[in-house]
Protein chains: 2
Amino acid sequence: MPALEDAPRAPGRPRSVRVDEAIVSATLDLLAEGTTVDVLSIEAIASRAGVGKATIYRRWPGKEALLHDALATLKLPGPELAGESVRDDLIALLSQVGPTGHDPRFPKILPCILPHLSRSPEHYQAYQDIIEPRRNRVRQVLRRGVANGELRADLDIELTMAVLIGPILMQRVVRWHPDLDADKMPEQVVDLLMAGIAPH
Amino acid sequence: MPALEDAPRAPGRPRSVRVDEAIVSATLDLLAEGTTVDVLSIEAIASRAGVGKATIYRRWPGKEALLHDALATLKLPGPELAGESVRDDLIALLSQVGPTGHDPRFPKILPCILPHLSRSPEHYQAYQDIIEPRRNRVRQVLRRGVANGELRADLDIELTMAVLIGPILMQRVVRWHPDLDADKMPEQVVDLLMAGIAPH
DNA sequence: GCGATACGAACCTGTGCCGTTTCGTAACTG
DNA sequence: CAGTTACGAAACGGCACAGGTTCGTATCGC
C-alpha cells in the first residue's frame, strides 16, 4: 500500500510495478504447481520471477508476508448476482469456487496452503481477512432468502454455508468423490438442500 | 505383510515387530504435528522412532511406500452401528471423522497429505484403497435408507455422501467456519439434510 | 559354537536455502 | 548535471539435512 495517492514522491528510481506483479505471480504459480508453503522459498520465487532476491527482501520482510499479500490478490470481487432467486444466486456464487472463478489457480493453490493454515489458530487467523469477504457474500444471499421467505425462517445460516461450501471445496481440492463432476455440483448441492431449506 | 503365517522361518535374527510399529507410529506422529509429506524425511522418522535409517530402508524402498503403509494402519473398521435409524447411523459414522474416531491424529494428518494427494491423479489413486472402504460404509447406510423408505427413492447417493462428508471434513481439517463446533456438526448436518432427503 | 540376518550409530557426499552484501547498470528528480 | 534509489546477478559464510552405506554389535536357528 503506497501511503496515499498524493505521496511526496520519493527521490530516486521508483519501484517497478511490473516487478511487483512478477513476484506475486511467481509465488502463486509455484503454489499452483504443488509447492507446499514450507517448501516454498524466496530463492525459488526470485528465480521464477526473474528477479534478484534482494528485490524481494526490499519489499517484504519474509516469506510469510509475501505469501499473505500474494493470496490477497486472489480476493477479487465475485460475479454480479442476478438477484432473481436465492437458488440462482447461490449457484452463481458457488460456481466461483474453481478454475472458472476469479483465478484458475485457486483450486490448485488451496491444498498447498491448507497445512499451513491448519498448523495453528494464529496461522488460520492471519488469513481470515481474505477468506471472510467471500464467505460473506454467501451469507448475505442466505439472509436475503430468510427475509423474503424463500428460505426457512429458523435457518442456521452458518451451518447452511458449511453444507453448501464444504462439499464443493472438497471436490475441487481433491476429487474426494471420484464419481462426481465438480462443475455440476453447485447446482446439484443447492437443489438437494433447497428441499430441506425451503419453508415447505 | 510377512508372507503367510506358516512361513519357512528365515535364518538369522528376525525383524523386530516393535521396530515396525515404532517406525509407522513415528511417521504418523510427524504428520500429525504438521509435517507436510514433502518435508517428511526418512531421517526425521528414524530419529523420532529411535531407529537407524538403514533399518527403515531395509523394509521400505522409500518414503512413498512407507507413507502408504503407515496411512493404511489408520483404516480401522468403523464403530458398530445400532441399525435402528438411518439418521442415528449416519451421525455415528460421521462422528468418526475426528479426534474421537479411529485414530485421534487423523484430522491433523489429513491436511498434511492433501497437497500430496492433489498433486496428480496417480497420487490420488494410490490411496483410494484406504479412502474407499470408509466411504463405503456411509454409502451402504444410505442405500439401506432408500430401500426401507427412510430416504427418498430418487436420492443421488454419491452427491448425498459428498454433502454429508464435505462440510465435516472441512471443519475438522481447518476450522473453515469459525463459528461452528465440529463436534456438533454430524448431528446438525444430518438433520439439516434429512428434511430434504426424507420422502416428505 | 557357526552362519546369517537385524540393529543403531556414525559417516560421506551432495544439495539447497537463508539473509546480506557488493557490484555495475538503469531510472527518476531537481 | 549530481544525487538518490531500484534493478539483476553473483557471491558470501553458514547451516541444516537429505539419501545411502559402512561398521561393530546383538539376536536368531541349528
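Just so we're clear, the structure is a prediction, and the values are computed from it rather than from any experiment. Chain letters run A, B, ... following the sequence lines, proteins first, then strands; residues in each count from 1.
- If you measure from atom CZ of B:Arg58 to atom P of D:dT21, you get 12 Å, rounded to the nearest angstrom.
- Counting any heavy atom pair closer than 4.0 Å across all strands shown, B:Gly50 reaches sugar-phosphate atoms only and no base atom.
- With rounding to whole Å, B:Ile56 atom CD1 is found 15 Å from C:dA6 atom P.
- Using bins of under 30°, 30° to 60° and over 60° for the plane-to-plane angle, the ring pair B:His68/B:Tyr127 lands in the tilted bin.
- Across C:dC17, C:dC7, D:dC17, the shortest atom-to-atom separation from the side chain of B:Ser41 is found for D:dC17.
- For the pair B:Leu66 CG and D:dA18 P, the computed distance is 14 Å after rounding to whole Å.
- Taking the side chain of B:Arg13 as heavy atoms from C-beta on, and the options D:dC7, C:dG8, C:dT5, the nearest nucleotide is C:dT5.
- When the nucleotides D:dG19, C:dC7, D:dC7 are ranked by their closest atom to the side chain of B:Tyr57, D:dG19 comes out on top.
- Between A:Glu43 and A:Ala54, the residue whose closest nucleotide on DNA chain C is further toward the 5' end is A:Glu43.
- Of the listed nucleotides (C:dA26, C:dA6, D:dA9), C:dA6 has the atom at the smallest distance from the side chain of B:Arg59.
- Per the geometry, CG belonging to B:Asp20 stands 11 Å off P belonging to C:dG8, to the nearest Å.
- Distance CD1 (B:Ile45) to P (D:dG19): 9 Å, rounded to an integer number of Å.
- Between B:Ile42 atom CD1 and C:dA10 atom C1' there is a gap of 18 Å when expressed in whole angstrom units.
- Not one side-chain nitrogen or oxygen of A:Ser16 sits closer than 4.0 Å to the OP1 or OP2 atom of D:dA6.
- No side-chain donor-acceptor contact under 3.5 Å links A:Ser47 to the backbone of A:Glu43.
- Here the P atom of nucleotide D:dC28 and the CZ atom of B:Arg18 are 12 Å apart, to the nearest Å.
- Within the 4.0 Å cut-off from OP1 or OP2 of D:dA6, not a single side-chain nitrogen or oxygen of A:Thr55 is found.
- Taking the side chain of A:Arg15 as heavy atoms from C-beta on, and the options D:dC7, D:dG8, C:dG8, the nearest nucleotide is D:dC7.
- Following rounding to the nearest Å, A:Lys63 (NZ) and C:dC18 (P) show an atom-to-atom distance of 7 Å.
- Of the listed nucleotides (C:dC7, C:dG19, D:dC7), C:dG19 has the atom at the smallest distance from the side chain of A:Lys53.
- With salt bridges taken as basic N to acidic carboxylate O contacts below 4.0 Å, none links A:Asp69 and A:Arg59.
- Under a 3.5 Å cut-off, the side chain of A:Glu158 and the backbone N or O of B:Leu180 do not form any donor-acceptor pair.
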- Task: Give the intermediate values and the outcome of side chain to side chain donor-acceptor pair (under 3.5 Å) for residues A:Ser120 and A:Glu122.
- Result: CA-CA 5 Å; A:Ser120 78; A:Glu122 289 74 35; 3.2 Å; yes
